[in-house]
Structure formats: structure tokens, C-alpha cells
Amino acid sequence: MAILNVDRLSKHFGGLLVVNDLSFELNEGEILSIIGPNGAGKTTVLNLLTGINPPDSGDIHFQGQSIVGLQPHQITKLGMARTFQTLRLFLNMSIIENVMSAAYPHTKKGLFDIIFRTSGWRKEEAQIRALAQESLSFFGERLVGYRFDQPAYSLSYANRRRLEIARAMATKPKLLLLDEPAAGMNPKETLEITELIGQLRDKGYTILFIEHDMNVVSGISDRVIALDYGQKIAEGSYQEVVENERVIEAYLGRKQSVWTKA
Amino acid sequence: MSVEKNTQPTNPESESSGDPRTGASPRAGDSPRIGVDEWVAQADERKQARSGFWGTIANRWETIPVFWRIGFVAFILILAPIVTNTTPVLSLLDISNNDFMVRVGATFLAFSILAIGLNVVVGYAGLLDLGYVAFFGLASYGYAYLSSDFIGAGVHVPYFISIPVVVAFTALVGYLLGSLAIRLYGDYLAIVTLGFGLLFFQLAQTLTRVRFFWLERPVDLTRGPNGINNLDAIPLITSRIEESIAYGYIYLFGSTFTPTIKYYFLFLIMLGLVVLVVHHMNQSRLGRGWRAMREDDLAAEVMGIPVRHLKLMAFATGAGIAALAGATFAAWQGNVVPIRYNVLALINLYAMVVLGGLGSLPGVIIGAFIYTLLPEILRNVVYATTLFYVGGLIGLVAWLEPSKRLVMVLGGTFLAGLLLKFLVNLLWPGFDTGVAPTEGFFLNQWAQSWLIIPANFTTAGNLAIGAGIAALLATVSIKNWWRYVFLGLTIYLFGFAWETRLAVEPSVTRILVVGASLVVLMITRPQGLLGKLRVEIL
Amino acid sequence: MNKISKSLLVLLLLFTLGAGVASAAAPVFQDGGQEYIVQADDWLSKLADKNYGDVLAWPIIWEATNAKAAEDDSFAVIENPNLIEVGQKLWIPDTGAAEAMMGDRESKAGINIKIGFMGPLTGGAAFLGQEQLNFAKTAVQLFNERTGFNVQVTEGDTEINPDTGKIVAERFIADDSVYAVVGPAGSQVCEATQPVFEAAGMVQITPSCTRISLTDPGTATFFRPVPHDGLQGPTDANYMMNVLGVTSAYLVDDQSSYSTGLTDEVEAALTAAGATVERASVTQQDTDFSSLVTTIVASNPGVVFFPGQISSQLGTLAAQLQEQSYGGTYFLADGGFDISWVDTAGEAAEGTYLSFFAPDPHFVLQARDLTTRYEAQYGDYGAFGGPSALSTNVVLGAIERCFNADNLTRACVVEETAATNLADSVLGIPVSFGAGNQINGGEFFIFQVQDGNFVLVQ
Amino acid sequence: MDQLPQTIINGLTLGSVYALIALGYSMVYGILKLLNFAHGDVYMIGAYIGYAVLVVLVPSTGPLLPIPIIILVMFLFAMVGCSILGVAIERFAYRPLRNAPRIAPLISALWVSFVLQNLIQLTISPRPLSYGSGTLIPVNSGINLGGDLRIHTARVLVIGTTIVMMIALTYFIRSTKWGRAMRAVAMDIDAAAMMGVDVNRVIVVTFIVGSALAGVAGVLVGIVFFSIQHTMGFLAGLKGFTASVVGGIGSIPGAVAGGLLIGMAEAFASVYISVTFKDAVAFLVLVIVLLIRPGGLLGRLLVQKV
């Protein structure tokens, strides 16, 4: 069953058509990757999906409900979470608070409970903390224990990427949107990220991710969409897409396959 | 104090919690480095910053459980006005009653509450709200309308109705203003709210003859600069137990208190409640949401935090707290006057919050404490003189550290001064005959027996101020040994300026000293006394 | 650093203990002495040296001569001890009497007496507060020299904020050596501090709060040696209507408590008499009135009334009225009694009217000591200092009388201040207090600027 | 009489002064993103420097030099003095705070402003000082525009000086090496530094230029409105600041447009509503303009990159 339906989505900035008549759908439990050269409009697709930018035309259905025109936080509350290509952590907050803050959409204790610290509030707070610890322990020993109370700016680059994913997980999403999760990582870390994405699917998340690094894409994608100038130029299994002539042309401008090794 | 913390390199103490210290390196700069595991790297340094006399106290202090710490401070604040009213303390301070100190204390508490409200908006939510005093004022005027003779024959709504009404109304106005201003980011938000604050002050000054179309005669809404007088007092604290039972007043054991002390305790109770409420708000999903959006409001929004809603919550909370303080303050003073809500008041509040450290509740309270107390201490010429000379000495020690250089500079300046005085008296007898009008305090006398004071010293003193500032700037900017010459010159010139001009006009000097110390503090410790240095770049 | 911090604390404690109070001694007055006629090249300290072997004993001759002069007209009255003239008859007490007087002066000098001064000493109204403060200081200086007391002036900046005013008031009250307070400025500050001083039973005497309600009903401790708005408003309005014969007026206030209060009174009086009145208010920070002048010129009123306090604003408005060729009269109040705005306005000031309750202190003979001393120390001055010196003199007189009655307490100073009855004062007007401790009488004079000077016209 | 032409003249004069102050605000903000609240007091000091020159060159016996030359000398001294002051403020109060939280330099700036004000009160006088209405330019001189309408020579001087300053500044920004460097730094301070622009020197030049303009404004206000006071800087600073924001902070033509708009708004509000509410109207204009165009009249809002 399709968790996400994107129907004839278009977006332009000024005179530039960034996303052009894009349609695709995403099934539950699937890993879909979107590839494309720089400026192909990949990040914009994510921005449209999460409500940061409104589309000019077209429709997006998430779990059968149209989410066009909703605020980003409302969309997140429905079960869609994302990470950013340029990391956007809450740098001066502690690591665990970064994750705990993302529990906002599915917690609901109001001002009264907060001020009087009712038992309901304490229970909820304990749940949030447990959830945050669980999300963080997903990455092994790296982000747990004494690190909980360290400020996020103290983390290394790779750990920041992991923290972003943990933060997104804390919103209890059904669909995770990852924007170039392996950007800036060394080969070893990239490999690890690839495995992680696989594990995420095993935990029941549906995943849509954008990636440059073909090693990541090839390893785990169920399906791949290639974008160029905001248009879908190919869709299918990894193999099908990378062998598609238009894709090769878009990437290299000549007919030569370089990704056949996988 | 801040100066000391930054300039005391001593042996690192070992950290007790057993954290793995991977890259313990000496501090490279004031801003945390990105990419390195800063927290771990800074462990030693954080400990280092806490040595010396004050550092030891701070470390000891932190070993006490939070509950007892708060209890200790509360205990002191509760006992303070009672202790100062005893004969030994009064005679020690050479005063006949403690009303003055209690009034300053109550002002401090009221401003703490206001500063905490501002801290919610600026420190937690990161919204630069420069219209904050307008809420303070709005609530005061609201209270004045509801609980005084102002409207018609006098609407005397009891305080337990009028204050909640006023607080709710002001919070609503905060919410509405917020929803207007929220479209703007950063400095633009600041400017629009500043415009709102100035507008409020102007209207409070001038809305004395407003023509409503359904009324024949113009209406006086604010009584202009004179303000509205004779507001109802809040009869909240009583020393009679039957009143306490009958009206629900707070009963305080049998002593008879002056109104000022009653309001002191009222403000203290309110401060306690506000601190509790704000602390709880901050330590919850709400506070995390605020901090998240202060860090990065787009990321916060995408993480499912309703940023717009939280911003408005912050505005409304800040306005509500300001309103609580505003209505009570007006009831205490018995009047509302526009001048209380001018830009100066705003600047004072901001100075308190920034001085203590944005986002830190104890910091904000300490900021309010210092900022209310320091100007009051400086009103007294003797205290101001002591602060000037001793503070200057401490500053020198902190800057140069106890060293040969310091001794040489001080000794050299002292000898040069004596030599100069000797020469002048030798060559122009009758020149050094001025007697600066000070109260015969021994520090002044020492200084004047060392400085050359001409008979007509006013102009010379004015010039010395200018020359002293120039010498100070030269001292700071020159790097070679000449700086010590300029330093000596600076000391001499400022000593002269103090004796001839600054001590003569304590009211102006007060502002100069407060201003100069704030600028210096900002430069040496931009994050405030208890604030944390934040990383602002990605 | 520990030591320094600790020693700072010790120091702070030490000097708070330092203030000792010497016991009060009864005044000594003895008759023994001789007459002396001033010769060429005499001056008081020389005479003191000759007679007592002490140059510093000169005030004894001064004091004794003035005391004699009060009983006997043939003795000279020495106003300025630096200036004695050949042929003046002096009284030189004999050594015994002189020693007693010296001892008396020394014991007086040992008593710690303070007068509190409160007013706006910083910010936009500082020119007003500083002038008042310096006049109070000068008056105290002259008093100390004359009597041998060592009265000090301690200052408190109110920032024209009632809240700050109360803090300052309580600081003065807490200090036992403060016997009276001069100030503050700004009726709203006066109103706020009135009950504080009343509760403490300390004299508060204001040179510049003129709102009527302050002395109506007033309190036992609040004194006002200056006439209030209720006198000035009708006087001004009367003059405009009856002497100048105008039927329309444009009233401008500067949003200060004083200015709005007075403008209200004038407006009421003018409206009652049937004149058409327009009203506007500017702020004390304004430097440009050209748009205001444009509206004024358009409605072309017979008189523009601006009771501003800031002399530069008065000058700017005058010049801009001329710039846009306004043909009517320009009318000011107390604030205009400061020659500096005339310098600003130049020829535009000619013909301007203003009202004040006393003659120009620049020309009052009784104030000559005061004004020459002030000018030497602080330079030029305006209209605000005179009333301040007057207030200071009133409380100093009360303090002196209480001291002489061996009853130097705040309560006595309140009584003696209320009993003040001066036939003459530094402002050239008699001073005594009536109902509500408001000065008796009190009349406003109208002046006109003619050839750059203030000329009395009514 | 028709009040419109006179109101326009009033508005232009006031607006020109605001524009000159706004330019300094705008330039500093454009480069440092710093609200330089001490700028109004630099303007005040400019007025005092002009006064000092005036006292020396026009003793009671009469002017020592031809009037236009005296005015030029006043400009020159005020510009130089204010530039030095501006650079000193930057060097000692702002530069140490360049990497501090945004609000720290704001507080520093506000207190520098108070310290300057009170220093002047202490060392010069708390009393307002007078440039004298007839000393430099007689009140009744001016250009007759027909009917009762006359424009005072001093006002012509103010408007003319502002136009000249505008043109000179535009040339400076557009066509000189320093101007280009300033634009580069305003665009991206780090990138400019990496491209070899000496950022500190550019900032110093910005302060020199901005403060010099404020100094000119101070002298002009003394000449056209006759008197100066140590507290004159604060409100004027706020107005100049308002003007620069209304025009679009960081934009040079915006600052001028904003200044003129605020000046005009005040003049028209005074005449057609009431002089009582002119400040209120000025701030209202600010609020309305920002709510309609959040970047100001000629400003651009930075696009947030995701």
C-alpha cells in the first residue's frame, strides 16, 4: 500500500522551474532513493514534502491524506520526519535534549501539567527520556552515557549526522526523509550509514532518501528515481536507472556507464 | 569577579566523574572549536576557571544539593530586612532605619521578576523584544483604571480580581502583538517591538484629551506626565491573625511591618512563584521547544514543534510576568507615571538580563541584584570613592597579576607623583593650593596629599578626564613597554579627575562608573556572569 | 586577591563607623570689645592677625560687626567679607570674647549637619537640577562662612522618576545627620515623596513643584516658598486678555509635569474668559518646531504661550516663529527667565513676555553675594537657582534657630521652618508660610524682553 | 494660507538630518549587523565640536573669517573629530565583541551612549548651548518662493549638503576601492576576508565615513535649529535608526528615502493631525512599513537557505 503519493508536483523559484510535473509513490516499508546531479531539485522535493515550501501545483497524499498547505510541524505530526543536508542541529542544547525536543508532536501535556508537575507530566517526561535514550542507543555506544548531557556542538561531524537521524526518529515517524545522509563522511562511515538505513527499514520505517554517493544508493535501495532539471527521467531498480541513457547523459553528458559494478 | 575567573591559570584538578578525557588540550580561544570533541577537551579548562578564592567558593557551593542552595538564598532574602532592622546593623551602617535598604531590596525583587519575564522572551525563546516595558506599563495603567478613583466615581475592584484580569489582558495583548510581529526575524522584530514600546510611552504622555465620537467632551486617558495617583494598595500581608483568616491574607508572625517590608515579602513570594513556574516551563517540552527554535527555528518547525505557537506563548508569558510585576509595582508605589516605562527602563532591564547571563535564572536574579544595588551604593561619595580606588587596584591586579611589573608601575607612579608635587611646590609656590570639596574621607585625603591640586581645578579636572581616557586607550592599544608609562599616566590622571571632578559630582559619576563597568564587563565576559558562551555559527 | 577582597570588606565596614557626632554647644555672646574704623589697606584677616594673632579668626570680626549692626545702625553691615571699605565702623571683640566665639565656631564646625538635595541631576533636565544644586551649595557655603557651621549638602539624583525619588528620600531619612531636604523638581516626584517625608517628620522644601494640590491640603512637612500654578495661570491669562487684548491663543506644553499643569491653568482661565484656545504639546527632546510653527501661523493666534523649561527650546521656537513671519505675541513662563534663550533667539526675542514671581536674580541686590559667588564657581545661570537658594536659606535659618535653642532635631526644624518670617530674601521677596505651608502672598510679575534684557512691565 | 509648501520644506529639512544620521546607522549595520546605538551621540559630539569652532571663530567682536568658510571649517572639524571618536568606539567597545552573542555589543553600545552624554554634561555643561539664530545665517534671510513662502538659507544649506553628501557617498561606494571592499564585506564578511579584504580596515573606514556624516548632521542641526544639548543624540539617534530601518537597513538610498519619509511623516503629522502625536506617527510609520514590507522600502530580506 502506498504511504506517500506525489501527484504532478511543480515548483518554481523566480523564472527557474525547480520541480516539474513530478509524480511518484512510495510503498510502506520501502526504501526509495532519489538521485540526480547538483541542482536537479532533489532537496526542493524534500522541502515540498515537508511543507517548508508550498508547491505551485500538484498534490501530495500522505497516508491517504492531502498534506499540501499544512504547516511543517503538522506534517511532522502526521508521521513524516527528515534530516538536513546542511546539518541543522540545536547546537547549544545537550545531545539528549536535541532528541527530546523532537518528541514534541506526539506529547501533549499542557501548561497546567507543566507548571504543577502532575503525575501525568512526570510519566510523560519519563517516556520522552526513554524514547530519546532508545533513539540514541540505535547508534551503539557513540551517543550514550556520559554524552547525553554534552552540548551538540561538541560532536564530530559523523556523530552530528547520527544525532540528526536520532532526532528525526524521536518524532515517531512512519516515513523518514534523509537528505544526503552520507555527505561528508569517509568510506567507512558511509558503509556504516548504509547498513544503518537498512536497519531502519527493519525497524519498520519507510525511507526516502536523497543521495549522491552511488555506493549507498546501490546497497539498499528498493527503487530509485532519477531527477534532472526537476523532471523525473528514470524510475526503477537501481540497475535499471543507472543504465538508463538519459540518466547517464544527465550525469556525464555522454554515453558511458560507470556504475555497472554493483 | 569575572575578570579573575578568566585570568587565573592554575593546576587542573582531576574531574571526579571519570569521564574519558581524550583530547585535553590547552584552550585555544574563547569560542569553542567545531568538530573537535569540545566538551571533553574543555573539562580541565572548566575546572581551571574555578580556582582562587571565588572559584573555591563556587566549587563548594556546587557540591550543596540544589534544594538547599535555593533554601539558603531564600532564607537570606527572608531574613535580610529583619536583620537589617536590628540596632547593631543599623549602627554599623550609621543609619537610623532600614526603610531605604528595604525599598532598594523590594525594587530589586520587582525588577528580578521583570527581568525573568524578559529572560523568557529573550533568553529562552530568543526573540529580541524591545517593547517589553510597554507590557509592564500597560498592566500598571490597567491596574490604575480598575483600582483607583480614576474612572468616574472610582472603580475599586479588589486586587485579587484586578490583578488577574490585568495579567490576562496584558498576556493577550502580548499574544496579539506577537502575532503581528512574528512575521519578522531577528533585528526587525526588535525594531518593530521597539517602535511599539516608544509608541506606548508617547501615548501615555500625551493621551490627555481624546475625543470619542460618542462623547461630547474630550477624555483624559492617562493624565499625561503626572500619571494617575492614589492607587489602591494590596493589603496582602498582615500581622493580625484574624485578618488573615477573614480575608485570606498571608499571615506573618506578630511583628508590625512597614508597608515597604510588606511589599518586600509580597515581591519575594511572587519572585519565588515566578521562578518556580518559569523553571518548570523551561524544564519541559515547552522549554525544549523554545530553546530548539532559538537555535534553529526552521529545524524546530520541521521536527514538529509549532514554532509560531511557541513564539506567541513566549510573548504572552513574558507579557504576563511583566504584567504581574507591573500591577504590583504600581500598587506599591501608589501611582503610575509614564517615565517609569521609558526606554531607560528597558535598557536597565536588558542590562540586568545580559549582565547576569541570558537564559540563566540565577544569573538574571544576580544581574538584577548587582544592577539595582551598584547605583545605590555609588550614590554615597565615600563608598563610590572606595569602589573607585580599591576597584581600580583590583582591576590592575587582575590585569597584570601580582608581579614585579605591577609593583614597578604603582611604585613608579607614586614616586613620580611625589616628585612632581615637590618640583611644582618648589618652582611655583602657591600653585598647588586647591582643596577639593570632599567629605574628608581618608582615601581622598591621601590622594590629595599626593596629587597637585591647583586652586581653580574645575577646568583642569575636565581636561584630565579627557586626557585620562586618551591615556587609557593608549595603554590598551600599545603593546611595548610604553604601555606601562601610559598606565602610570592613566592612574595619575584618573586620580586627579576623581578628586577634582568626579567625586564632586557623584550623580553624574554614578552613571559613568556603571556605564564603564558594564562596557568592560561585556568585553571581558560577553556571555554575562552566569551565562554560557554559545556557538552561533554552524 | 583574596586578601584584597577581604580588606575591601573590612574597609567598607571601617569607614561606616567613622562618622562621629560632636556634642552641641550653646552659643556664646559676650559684649567686651572695641570699635574700629577701617583704614586704607585693611582687610579682615589682617585685623584678626593684629588683634588675635590668628589670620583665620577673621570671621569673628565679621560676625560680631554684623551682630552689632543689627542693634546699632552706625556699624557697617558687611555683606562680602572680602570687601570692606575705608571708613566703615567695625566691632572687634576682645580676646576673651573672641576665644569664646572661636571655640563656639569650632564646636559648631564639629557638628555633622547635612541638607539633602534631590532633583534631576542627570539626563535631559540636568541643567535645571544642577543649577538648583549648585545654588543650594553656594547658599550653604555662604552660611557656613558666616556662622561657622559646617553644613554639608548631600545630593540625590531623582531622574524625575517618582520611584527613584522615594528611594532618595528614604536614603536621606535614614541618615540621622540630614535635617532637611531641598527639592525635588517635578510635581509628580514631589507628590510621591510627600508622604515619605511626612512619616519621617522631616522638612521638605521644594523650589520648583508648582502643582496646586501639593499644598492644598498639603502636609505638615512640605513647604513651598514659591507661588503655585493657581496664581500664575490666571495672572498670565489676565495679562494676555486685558493688557495685550488678544482673543485667541495657542498653548504649547513640553510634556513635563510643570508645563502641563501650568498650561492647564492658563487654558482654563482663558476659556473661562471667552478666548479661543488651541493646544499642542512637544517633548523636551524636540529641537525642531517648524511644523508646529506652520500650524500656528495658519491659525494666526494673538498669542503663543509656551511654558517650557528648556531655554534652548524657547529660543528655537522664538526664532522659528520669526522665520515663518508670525505676527503675534510670544509669551513664556518661569523657564523664560534665563537670558540664554534670548541669545539663541537674537532679535526674535524682542517683545516677548514672560511671568515670574520675583525680580531677576541678576539684578537683585540681596542676592549679589550669592550670584557673584555662583558665577565665579559655576558660570552663568538661569531662573531655577534663585528659588533653590531661597529654600536652602529658609531651612538653614531654621536649623540655626534650632541649634541656638539647643534643640537641633528634625521636629524642631519643621516647627522653625513653619515659623519662618523673613522680611527679605535672596529673591527680594518676603517669606512666610500660610495654609498648607504655601508661601504667603506670592505675586507674579510680567516681564518683557527689551533690547535683550528683561524689563518689568507689570 | 496654504500650509502644504511650508510643510514640505519643514519635512525636507528634518528628513535631511535624519537621512544623514540614518546613513551611518545603515552602513554599520550593513557590514557588522550591529545596531550602533552610540551613533546618535557621535552626532551630538559633532554638534559640540561645531560649537567649539564657532566660539573660537566668531568672538563677540564679530566673525574672523567669511561665514561660508567658518561653516566649512565647522564641518571639517566635526567630521574629523567624529571620525576619530567613531573609530575609537569601534576599536574599544565593539571590536572585542565581534564574535560575542549579538546582544552584548547592543548593551555595550547603549552604555557607550550614556557615558558620552554624561561626559559632556560633566565636562562641558548640563545647560543647552546656543549656536545663535543670527550669528551665522540671519533668520530673515532666504529665498522667496512667491507669496508668503520663504525658504530659510539654513534650510537650503541643510538640504543642499545632504544632496552633496549623498552623491559623494554613492560615488565612494560605487567607484572606489574602499567602496567595493565595503560592499564585499557587507555581502559576506568571512568570504571577503578569505578573498584578501582587510576586514578590520574596511570596518574602520565604514565608521570613519558614517561618523563624519553624523558630525555634519550635528553641525547642520546647530545651524538650522539654533541650539544643542547633551541629550540631543538619543532621540535623534532613534529617529535616524527608524529612518534607516524604514528605508531598508543596509541600503544607502534606502537610508535617505527612509530619512525623508520619517521627516515628512513628522511634518505632515504635526500640521494635519497634531504636533503632539508626531513621534507616535513616526513610530507608527515604522511599524506599518515593516509589516507591509518586512525588509524596508528599498531593502532586501535575506532568503533562508534550507
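Computation of the quantities below employed the complete heavy-atom set of this structure, encompassing side-chain atoms and omitting hydrogens, waters and symmetry-equivalent molecules. Proteins come first, then strands; the chains are lettered A, B, ... in the order of their sequence lines, and each starts at number 1.
Contacts between D:Leu116 and chain B at a heavy-atom distance below 4.5 Å are absent for every atom of the residue. At a 4.5 Å heavy-atom cutoff, the contact between D:Leu122 and chain B is made by backbone and side-chain atoms alike. For B:Val302, no part lies near chain D; criterion is any non-hydrogen pair under 4.5 Å. Contact annotation for B:Ala351: both backbone and side-chain heavy atoms come within less than 4.5 Å of a heavy atom of chain D. For B:Val353, no part lies under 4.5 angstrom from a heavy atom of chain D. Only the side chain of B:Leu344 comes within contact range of chain D, judged by heavy atoms closer than 4.5 Å. Heavy-atom distances place both the backbone and the side chain of D:Leu291 under 4.5 Å from chain B. Interface residue B:Val354: only side-chain heavy atoms are found under 4.5 Å from chain D. In this structure, chain B has no heavy atom under 4.5 Å from any part of D:Ala282. Of the atoms belonging to B:Leu473, heavy atoms from both backbone and side chain fall under 4.5 Å from chain D. D:Phe241 touches chain B through its side chain: at least one heavy atom from C-beta onward sits under 4.5 Å away, while N, CA, C and O do not.
Nearest heavy atoms, B:Gly195 versus D:Leu286: CA-CD2, 4.1 Å.
Every residue two or more places apart in sequence or in another chain that forms a side-chain contact (heavy atoms from CB on, under 4.5 Å) with D:Leu297 is listed here: D:Val246, D:Leu261, D:Val289.
The CG atom of D:Leu35 sits 9.5 Å away from the CG atom of B:Leu194 when rounded to the nearest 0.5 Å. The OG1 atom of D:Thr123 sits 10.0 Å away from atom CD of B:Glu505, with the distance rounded to the nearest 0.5 Å. To the nearest 0.5 Å, atom CZ of residue D:Phe283 and atom CG of residue B:Leu203 are 11.0 Å apart. Distance CG/D:Leu119 to CD1/B:Ile469: 4.5 Å, rounded to 0.5 Å. Here the straight-line distance linking atom CE of B:Met522 with atom CD1 of D:Ile107 works out to 7.0 Å at 0.5 Å rounding. In this structure, B:Ile523 CD1 and D:Phe92 CZ are separated by 9.5 Å, a value rounded to the nearest 0.5 Å.
A 4.5 Å side-chain heavy-atom check between D:Phe234 and B:Val343 finds at least one atom pair inside the cut-off. A 4.5 Å side-chain heavy-atom check between D:Trp111 and B:Ile511 finds at least one atom pair inside the cut-off.
If you tally non-hydrogen atom pairs under 4.5 Å between each of B:Phe196, B:Phe200, B:Tyr350 and chain D, the highest count goes to B:Tyr350.
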* **B:Ile191 vs D:Leu290, side chain to side chain contact (heavy atoms under 4.5 Å, CB included): CA-CA, chis, key distance, verdict** => CA-CA 9 Å; B:Ile191 292 154; D:Leu290 278 194; 4.2 Å; yes
* Asked: Are D:Leu238 and B:Leu198 close enough, and set up right, to give a side chain to side chain contact (heavy atoms under 4.5 Å, CB included), and what steps lead you there?
  -> CA-CA 10 Å; D:Leu238 271 182; B:Leu198 294 171; 3.9 Å; yes
* Could you walk me through whether D:Phe114 and B:Val514 pass side chain to side chain contact (heavy atoms under 4.5 Å, CB included), step by step? => CA-CA 10 Å; D:Phe114 280 118; B:Val514 172; over 6 Å; no
